[in-house]
Amino acid sequence: MRETLDKTYDPQKTEEKIYKLWENSGYFTPEKLPDGKNKFVTAIAPPNITGELHLGHALELTLQDILIRMKRMQGYKTLWIPGIDHAGIAAQNKVESQLAKENTNRHKLGRKKFVERVEQWKEQYGNIILNQFKKLGISADWTRSRYTMDIEYQRAVEEAFIRYYKKGWIYRGERVINWCIRCSTSISNLEVNYVHEKTKLYYIKYGPFTLATARPETKLGDTALAVHPDDKRYKKYIGRDLEVDSIDSSIPKDQPPETKKIKLKVVGDNSVDPKFGTGIIKVTPAHDITDSEIGKRHKLPSIKIIDERGKMTKKAGPRYEDLKVNQAREQIVKDLQKTGLMDKIEDYEHNIGRCDRCNSVVEPIPSKQWFLKMNELAKLALEALDKKEINLHPNRWEKPYRNWLLNIRDWNISRQLWWGHRLPVWIHESKCVPKPGREKDIEKCEEIKISAEKEPKCEYCDAKFIQSEDVLDTWFSSALWPFAVLGWPDKDSKDLKEFYPTNFITSDRGILFLWQVRMVFSGKFFTGKAPFKDLFIHATVLTKDGKRMSKSLGTGIDPLVLIDKYGTDALRFGLSYLTTGLQDVHFNEEVMLMGKKFANKIWNINRYIVMKHEGHTMKLPENPEDIKKLDQKIITEMEEMAINVRDNIEKYNFGEAARALYDFVWHNFADKYIEETKNRDDDKTRDTLAYLSINCLKLLHPFMPFITEEIYQKLPLKNKSLLMVENW
RNA sequence: GGGCGCUUAGCUCAGUGGUAGAGCGACUCGUUUACACCGAGUAGGCCCGGGGUUCGAUCCCUCGAGCGCCCACCA
């Protein structure tokens, strides 16, 4: 019995069935594909285990899938590696807030139990998002799914750390870093968001000068004043010690404030803008990153007056010790006013650094951290771009890419979190217990050992090495993704040999520096090759009104709801159609409707053609000569469109490709050719219809894989395989 | 402070150095056995503003306005 098409296409009934068909075919795995020399490889941007599917994923994965599917149909041996990211700080915060609901916290639980809780979380939620990805129809090789906390991946991370260290590019040092009090960890510059906020500007008297500051409490850590070296007004003071009145912080809290004389050196430094304010700044080397650099240049002492809990330290003096920063600010403002040292207070707006993950105010504090030297690595990443080892699409991203690398500072890679990759750093116990006969060698005991080996032993004494409590910045491990998922550092890894480097990676612009650039220098350093040829920065999906899509703001749109309502193909087509290479697209549900109607149109075109073939054999031209016997005008139009579609996909112009398909299928094929040939009843027309339709199904398949596969499976054709592997 | 993007029909957006396009919406007509999730048609636009290049600019250059984003961060 001949299969027919139902009157309407039902995505709900079809999609799961078709996805199983594909999975069972094994064609997501390159080994199952015909062995071609040409390979085409990509790796997913691994979603956080905390995440859930949003429209940004839907767009990204759709575009990635379009390219992969087209290449697979073109005969490439394609591989798309999926996986998930442990998402250090994000996952830790998520589990912490879960604990808060249970009226407990990680400290009560202890580190070991806490890590177990996060692992439980991962088991419970980590794979949900990958299953949601499957609903989008993505043709990734699930047999190769990876997780950044897999044992093998952990080894790759350790190996990377050790190799950098051996190269001399990882060092430990006390620097003023960004510290999040809530997360109680250091964070990198990229994890600080500067938010414009209304505060106050305080004008404080410093001897003959009055200077403005937004943070009067840091006055307690001042060790100098700075002016521009060429500032005529202040030149004569440079190098002198200035005696000024300040608050006597030794006076207890419950007594009225008193002043005392302190000495502050005046230094000349180019970083001071003579035109701003009074042209003089107070220098607090411990609690401001710019000031710490001035401090270094002029060898100024640094007084840490704020600690990791966000409280004033002993060095701030008994009057302020243990106050929180805000309280200390209130107190010192009062004290300054009472002692007459406060000149005036003005309203002020400026940028305040907040933690990207929890939005608390970030404190710059001096802290002992591990850093990765960026000089040489930045050069590698720049070279990759300059020598065209990588291409950025759109290429306007080259400028930000370069600028970031040219102004880069060393990367603080250690975090004081509990969830993440522990540093392969082992610290010698404080007491040395010499081995018998080796008493003299005690001085040789190393303070730290960098080792992948668990619990290394000291050569000279019986002391233990204890692993550093710190974990690595989550992006340190992500940076290894394209080669770590293929088996690096195992030199004999078959996958690494066969599939590295990848052809392309895609993400939105938000993680260009956090992830993409870091993959480039990591890849270059560890494998000698850039980890991808093309970097495609796709558009960011915003709401219809151009606002950020966010669940907490209530502006998020759940792709799964759209899929239920319109079908996955409609979602995929609609999103593709919107894409134009701009940095943003404004999502509008109208494109979903368009996608759904288009799916219906495709369905009905084929339903018509099947009917038109009743009593006749549906067949395709067996050799190129036969194509010439068909209706040439429409065939030529289709061929032009096909080239257009292919070229645009290869250039990452998915929107143009989608529009070309839409216009041809609807307006040329359906509205014109089909309407004009309705009264004909001859083989030439039937063959033309079949040829057009099947080619359109192939061209449409990367965009709308489910409906096209479903139709193809139902067409009365002989010798057919799955559409997903038919020749493009 | 530096960089980037956008401004085209009521709405959401494509697009091109030479009569301006789509989807949705509006209106008119059409119950033709592929599709009313349709077809045929109509209305609707100083293509943000000024200046320039050009025979000709919505498109290229320049200045500006508005909106948005990124980097750096200023006391």
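Remember, predicted model here, so these are calculated numbers, not experimental data. Sequence lines set the chain letters: A, B, ... in the order given, protein chains first and strands last, and positions in each chain run from 1.
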Visitor: Which part of the nucleic acid, if any, lies within reach of A:Asn407 when heavy atoms closer than 4.0 Å are counted: base, sugar-phosphate only, or nothing?
Guide: nothing
Visitor: Measure across A:Thr688 and A:Lys684 and return the closest heavy-atom pair with its distance rounded to 0.1 Å.
Guide: OG1-O, 2.7 Å
Visitor: Nearest whole Å is fine: how far is B:G15 C1' from A:Tyr662 OH?
Guide: 17 Å
Visitor: Taking any heavy-atom pair under 4.0 Å as a contact, classify A:Val272: base, sugar-phosphate, or nothing.
Guide: base
Visitor: Determine the Euclidean distance between corresponding C1' atoms of B:U58 and B:U19; express it in Å to zero decimal places.
Guide: 14 Å
Visitor: Among A:Val541, A:Thr543, A:Leu542, A:Thr540, which residue satisfies the side chain to side chain contact (heavy atoms under 4.5 Å, CB included) criterion with A:Leu55?
Guide: A:Val541
Visitor: Examine A:His613 together with A:His616 and report whether their ring centres are nearer than 6.0 Å.
Guide: no
Visitor: In terms of relative ring orientation, are A:His667 and A:Tyr662 parallel, tilted or perpendicular, with 30° and 60° separating the classes?
Guide: perpendicular
Visitor: For A:Gly510 and A:Ala212, take the nucleotide of RNA chain B holding the closest heavy atom to each; which residue's nucleotide lies nearer the 5' end?
Guide: A:Gly510
Visitor: Side chain of A:His586, heavy atoms from C-beta onward: which of B:C13, B:A22, B:A72 has the nearest atom to it?
Guide: B:C13
Visitor: Mind checking if A:Arg402 touches a base, just sugar-phosphate, or nothing, with heavy atoms under 4.0 Å?
Guide: nothing
Visitor: Are any of the side-chain nitrogens in A:Arg233 or A:Asp231 under 4.0 Å away from the carboxylate oxygens of its partner?
Guide: yes
Visitor: Which part of the nucleic acid does A:Phe587 contact within heavy-atom distance under 4.0 Å: base, sugar-phosphate only, or nothing?
Guide: nothing
Visitor: Any strand is fair game: report the nucleotide pairing with B:U12 by Watson-Crick or G-U wobble, both distances under 3.5 Å, or none.
Guide: B:A22
Visitor: How does protein contact run along nucleotides 33-43 of chain B, one letter per nucleotide 5' to 3', with B for base contact, S for sugar-phosphate only, - for none, heavy atoms under 4.0 Å?
Guide: -BB-BSSS---
Visitor: What's the gap between B:A9 and B:G44 when it is taken at their P atoms, as a whole Å value?
Guide: 14 Å
Visitor: What is the distance from CG of A:Asn189 to P of B:A72, rounded to the nearest Å?
Guide: 6 Å
Visitor: Using the C1' atom on both, measure B:U28 against B:C70 and round to a whole Å.
Guide: 50 Å
Visitor: With both distances under 3.5 Å as the test, what is the Watson-Crick or G-U wobble partner of B:C27?
Guide: B:G41
Visitor: Where do N or O atoms of nucleotides 5-10 of chain B meet protein N or O atoms at under 3.5 Å, pair by pair?
Guide:
unit_1, atom_1, unit_2, atom_2, d
B:G5, O4', A:Gln583, NE2, 3.4

Visitor: Taking the side chain from A:His393 and the backbone from A:Asp534, do they hold a donor-acceptor pair closer than 3.5 Å?
Guide: no
Visitor: Between A:Phe536 and A:Phe654, is the ring centroid distance below 6.0 Å?
Guide: yes
Visitor: Taking only Lys NZ, Arg NE, NH1 and NH2, and the carboxylate oxygens of Asp or Glu, determine whether A:Asp631 and A:Arg680 approach each other closer than 4.0 Å.
Guide: yes
Visitor: Closest-nucleotide mapping onto RNA chain B: is A:Arg215 or A:Leu578 further toward the 5' terminus? I mean the 5' end.
Guide: A:Leu578
Visitor: Taking any strand in view, what nucleotide pairs with B:G17 in a Watson-Crick or G-U wobble way, both distances under 3.5 Å?
Guide: none
Visitor: Return the value, rounded to whole Å, for the distance between atom CG of A:Asn270 and atom P of B:C74.
Guide: 17 Å
Visitor: Is it true that A:Lys651 and A:Glu656 have a side-chain N and a carboxylate O under 4.0 angstrom from each other?
Guide: no
Visitor: Base, sugar-phosphate, or nothing for A:Thr278, non-hydrogen atoms under 4.0 angstrom?
Guide: nothing
Visitor: For nucleotides B:U7 and B:C13, find the distance between their C1' atoms and express it as a whole number of Å.
Guide: 12 Å
Visitor: Do A:Phe209 and A:Tyr237 make the cut of ring centroids closer than 6.0 angstrom?
Guide: yes
Visitor: Do the side-chain N or O atoms of A:Arg354 get closer than 4.0 angstrom to the phosphate oxygens (OP1, OP2) of B:C73?
Guide: no
Visitor: Taking a pair as Watson-Crick or G-U wobble with both distances under 3.5 Å, which nucleotide is matched to B:G68?
Guide: B:C4
Visitor: In whole angstroms, how far is the P atom of B:U12 from the CG atom of A:Leu575?
Guide: 18 Å
Visitor: Decide yes or no, distance alone: a donor-acceptor N/O pair under 3.5 angstrom between the base of B:C71 and the side-chain of A:Asn403.
Guide: no
Visitor: So which atom in A:Ile281 and which in A:Leu211 form the shortest heavy-atom distance, rounded to 0.1 Å?
Guide: C-CD1, 3.7 Å
Visitor: Classify the nucleic acid contact of A:Tyr348 as base, sugar-phosphate or nothing, counting any heavy atom under 4.0 Å across all strands shown.
Guide: sugar-phosphate
